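In what follows, chains are A, B, ... by sequence order, proteins preceding strands, each numbered from 1. Just so it is clear, the structure is predicted and the values come from calculations on it, not from any experiment. Heavy-atom basis, side chains included; hydrogens, waters and symmetry copies ignored.
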There are 2 protein chains.
Amino acid sequence: MAVGSAADGRPARLADVARLAGVSPATASKALNNREQVRAETRERVVSAAEALGFRPHNSARHLASGRSRTIGLITHDLEGRFSIPILMGAEDVAGTGDVSVLLCDARGDSIREQHHLHTLLSRRVDGLIVVGARTDPRPSLGALPVPVVYAYAPSEDPQDTSVVTDDLAGGRMAVEHLLALGRSRIGIVAGDIDFLAARQRVDGAMRALTEAGLEPVGGTALYGAWTEEWGRIAAASILGRHPEVDALVCGSDLIARGALETARERGRAVPQEIAVLGHDNWGLISDGARPRLSSIDLNLEELGRRAAALLFGAIDGDPRPRTTTIPSRLVPRGSTAG
Amino acid sequence: MAVGSAADGRPARLADVARLAGVSPATASKALNNREQVRAETRERVVSAAEALGFRPHNSARHLASGRSRTIGLITHDLEGRFSIPILMGAEDVAGTGDVSVLLCDARGDSIREQHHLHTLLSRRVDGLIVVGARTDPRPSLGALPVPVVYAYAPSEDPQDTSVVTDDLAGGRMAVEHLLALGRSRIGIVAGDIDFLAARQRVDGAMRALTEAGLEPVGGTALYGAWTEEWGRIAAASILGRHPEVDALVCGSDLIARGALETARERGRAVPQEIAVLGHDNWGLISDGARPRLSSIDLNLEELGRRAAALLFGAIDGDPRPRTTTIPSRLVPRGSTAG
DNA sequence: TTGTAAGCGTTATCAG
DNA sequence: CTGATAACGCTTACAA
């Protein structure tokens with residue numbers, strides 16, 4: 001059988017299809033690309049011929065002739081972290097639907113490596129580029145490039161670039177409002193690494209919600225530290241010791257929340273009855289292992305990836321959107337803040 | 001300045017470089033590709049010209065002319081899991097070094113989707129293919145393809161295919177031998193999901209080491225369950241209750257180990273003094289959060305990815321290795337099994 | 001509606 | 001060592 005090949009061994013090309021269908025290559029091309037200038041009956045003959053031969057258009061040839069590579073580049077700086085992956089999945093999802101492929105490059109936070117990959121991708125004439133940062137702090141713009149670029153997760157410092165970001169401010173606010181709605185009012189804030197914009201914004205959002213409710217956090221201020229369980233334990237121990245009246249903890253990440261939650265339990269505080277604990281990131285493996293399971297703020301990263309890809313395809317099709325888009329976060333309530 | 005372009009706005013092409021260097025395109029091509037048939041002085045002139053114009057060879061044109069796309073396809077079935085990522089990183093690493101790019105496709109365990117991506121990649125005439133499975137159980141072969149294929153993590157069912165796999169048997173053995181060396185002899189085995197080959201092989205390896213030492217596991221047999229902390233807690237509680245003499249636990253994963261470790265501690269058993277706990281996978285975030293930090297068996301997945309890529313490039317260069325390669329695991333001792 | 005022919009930017013062959 | 005010239009497989013005016 002002739003799956004994937006012409007009469008001999010080589011892969012079928014358009015000319016083979018055309019010959020079998022009894023038309024010219026030009027017509028075969030139009031038929032297969034759904035151009036309107038082709039009789040329905042002819043199109044069918046061409047399509048059958050293509051199928052019979054297992055014809056797969058040679059993408060590089062199409063690229064050379066048409067100018068479009070049907071390929072986008074994805075430069076990530078955090079492949080091993082867990083933020084890139086959902087973004088990447090979202091982008092790949094949208095791309096796959098539009099019959100475009102994704103070239104993946106891992107720059108590992110190194111701008112030299114980024115530059116190298118940038119050149120590689122430009123040399124492959126990608127139709128566009130998505131750059132995924134390792135953290136939400138703004139990053140230097142790549143400047144003017146021959147193709148559209150979308151910055152995901154880490155926005156470009158240049159507001160004229162197209163960026164898609166998380167909404168950590170709203171996330172922090174959402175966290176506190178959830179706890180307030182549950183009747184908690186002595187709320188402690190255990191933040192992440194103060195060097196990270198995400199840590200500060202989550203705190204800012206939480207503080208605003210508290211202020212609007214006429215409250216302030218237990219201890220008067222948020223405790224910044226590290227993105228680790230260890231820090232969650234230390235901070236929780238400190239707050240529980242100094243402010244035993246605390247009835248809720250907003251944590252900068254699920255890992256921190258996990259440490260805080262376990263410390264509270266070890267000290268005999270029932271979660272959520274006596275102390276509610278809320279995390280950020282909604283990281284399944286961390287929150288599912290906790291007892292009770294962790295409530296968390298989800299950043300909707302996969303949606304972020306989809307949006308980034310959608311914006312990129314828009315720009316490729318001539319509709320640039322030079323601004324920053326914010327993806328809303330959402331609360332995922334579980335046992336650690338149950339009623 | 002003329003960065004990335006000829007006199008006008010368009011990107012420079014080989015002809016521009018050739019003209020500026022005062023040679024023919026053919027010579028320019030040879031010079032830039034380090035062909036031997038070119039005078040050193042000429043080569044230099046061409047290289048300078050290329051630099052001055054910011055010349056980036058058009059990959060699709062090269063592809064069309066040379067037959068090599070300098071691109072490999074990577075189909076993964078477990079993007080969101082944590083096994084694919086290091087493999088992917090290793091492969092990307094090797095590829096980047098060889099100036100080839102990686103087209104990423106996420107098939108999500110769905111063979112329809114896999115088939116779709118396979119066609120896309122073949123249509124892009126990738127030079128080769130790496131297929132990464134979601135688990136170590138053998139998977140159906142893709143059969144004869146026009147390009148070399150390497151199966152990573154999940155081997156092909158066909159031994160004539162090229163596969164690269166982990167060594168879970170040795171991992172299980174290594175785990176027990178480590179504990180024996182530490183003087184433990186009443187060792188319990190808390191395994192993962194029995195439906196997974198990895199779970200069974202880890203147990204097999206552990207059992208062999210025990211048998212060779214003239215021992216059998218506490219309780220007489222391994223306890224299979226799920227890949228979760230929850231299962232780790234349940235199993236540990238059961239063993240501790242029924243066999244209080246247990247002095248070590250080999251767990252099927254770090255998540256399981258984490259649950260087991262915490263349960264031991266909650267029941268007042270000192271880790272590692274009274275009970276040593278050993279995990280599998282060496283998942284930093286899980287093992288680092290545990291107190292004490294978890295000893296674990298590392299599968300060397302990044303190395304697995306590198307090997308897969310190296311084998312693929314070998315096959316592309318005409319040196320196929322139709323067999324299965326096993327990547328050794330390694331023990332990473334930490335506090336949970338300290339002296 | 002279909003076909004002819006001219007590229008697209010590079011590499012490969014072979015003659016100088 | 002260098003340079004014409006012919007591919008590579010497809011798309012796209014433009015002509016029929």
Side-chain angles (χ1 to χ4, degrees), chain A residues 4-6 8 10-47 49-50 53-71 99 122-127 146, chain B residues 4-6 10-46 49-50 53-71 99 122-127 146:
Chain A
S5 48
D8 55 356
R10 72 171 161 64
R13 37 186 199 218
L14 190 59
D16 299 321
V17 175
R19 197 173 313 117
L20 181 57
V23 299
S24 73
T27 302
S29 170
K30 290 167 195 156
L32 293 174
N33 288 298
N34 289 313
R35 296 269 176 289
E36 282 314 317
Q37 332 128 338
V38 145
R39 206 166 16 133
E41 189 259 334
T42 308
R43 181 190 317 283
E44 269 185 31
R45 249 186 17 253
V46 173
V47 169
L53 296 175
F55 170 69
R56 302 276 153 207
H58 191 301
N59 192 264
S60 287
R62 302 180 84 176
H63 179 191
L64 208 51
S66 72
R68 306 198 82 180
S69 63
R70 299 149 190 273
T71 304
D99 174 42
L122 291 179
S123 160
R124 295 183 119 85
R125 303 300 195 274
V126 292
D127 295 330
Chain B
S5 48
R10 72 171 161 64
R13 39 189 196 212
L14 189 60
D16 300 320
V17 175
R19 198 174 313 117
L20 181 57
V23 298
S24 74
T27 302
S29 171
K30 288 167 195 156
L32 292 174
N33 289 298
N34 290 314
R35 294 274 176 285
E36 282 314 317
Q37 333 129 331
V38 104
R39 209 170 10 139
E41 189 260 333
T42 308
R43 182 192 315 284
E44 269 185 31
R45 249 183 20 248
V46 172
L53 296 175
F55 171 69
R56 301 279 152 205
H58 190 300
N59 193 264
S60 288
R62 303 180 84 176
H63 180 190
L64 207 50
S66 72
R68 305 196 88 184
S69 63
R70 299 149 189 274
T71 304
D99 174 42
L122 291 179
S123 159
R124 297 182 115 86
R125 303 300 195 274
V126 292
D127 295 330

Whole angstrom is fine here: how far is it from CZ in B:R35 over to C1' in C:dA12?
9 Å
Using only side-chain N and O atoms of B:N59, determine if any of them is under 4.0 Å from OP1 or OP2 of C:dT10.
no
Here the distance between atom P of C:dT10 and atom CZ of A:R124, to the nearest Å, is 14 Å
Do B:S69 side-chain atoms and B:R125 backbone N/O form a donor-acceptor pair below 3.5 Å?
yes
Counting heavy atoms from C-beta on, name the nucleotide in D:dG9, C:dT10, C:dA12 closest to the side chain of B:S66.
C:dA12
Of B:R125 and B:S24, whose nearest nucleotide on DNA chain D comes first from the 5' end?
B:S24
Quick one: B:R13 CZ to C:dC8 P, roughly how many Å, whole number?
6 Å
Report the nucleotide, chosen from D:dG3, C:dT2, C:dT10, that has the shortest atom-to-atom distance to any side-chain atom of B:P57.
C:dT10
Can you check the A:R56 CZ to D:dC10 C1' distance for me, whole Å?
16 Å
Whole Å only: how far is the NZ atom of A:K30 from the P atom of C:dT4?
11 Å
What verdict does the side-chain contact (heavy atoms from CB on, under 4.5 Å) test give for A:H58 and A:L14, after you've listed the backbone C-alpha separation in whole Å, the side-chain angles of each residue and the deciding distance to 0.1 Å?
CA-CA 9 Å; A:H58 191 301; A:L14 190 59; over 6 Å; no
Would you indicate which nucleotide in C:dT4, D:dT11, C:dT11 comes nearest to any side-chain atom of B:L14?
C:dT11
For DNA chain D, what residues of residues 36-43 of chain A have any heavy atom nearer than 4.0 Å?
none
Any donor-acceptor pair under 3.5 Å linking the side chain of A:S123 with the backbone of B:P57?
yes
In whole angstroms, how far is the P atom of D:dG9 from the CG atom of B:L64?
7 Å
A:A26 side chain, from C-beta outward: closest of C:dA5, D:dG3, D:dC10:
C:dA5
Is there a side-chain contact between B:V46 and B:V38 (heavy atoms, below 4.5 Å)?
no
Side-chain heavy atoms of A:D16 within contact of A:R10, under 4.5 Å
yes
Starting at NE2 of A:H63 and ending at C1' of D:dG9, how long is that distance when rounded to a whole Å?
14 Å
Between C:dT11 atom C1' and B:R68 atom CZ, what is the distance in whole Å?
14 Å
Under 3.5 Å donor-acceptor, A:R68 side chain and A:S66 backbone
no
With a cut-off of less than 4.0 Å, is there a side-chain N or O of B:R62 near OP1 or OP2 of C:dT10?
no
Starting at the 5' end of DNA chain C and moving along, which residue's nearest nucleotide shows up first, B:N33 or A:A61?
A:A61
Do any N or O atoms from the side chain of B:R124 and from the backbone of A:N59 form a donor-acceptor pair under 3.5 angstrom?
no
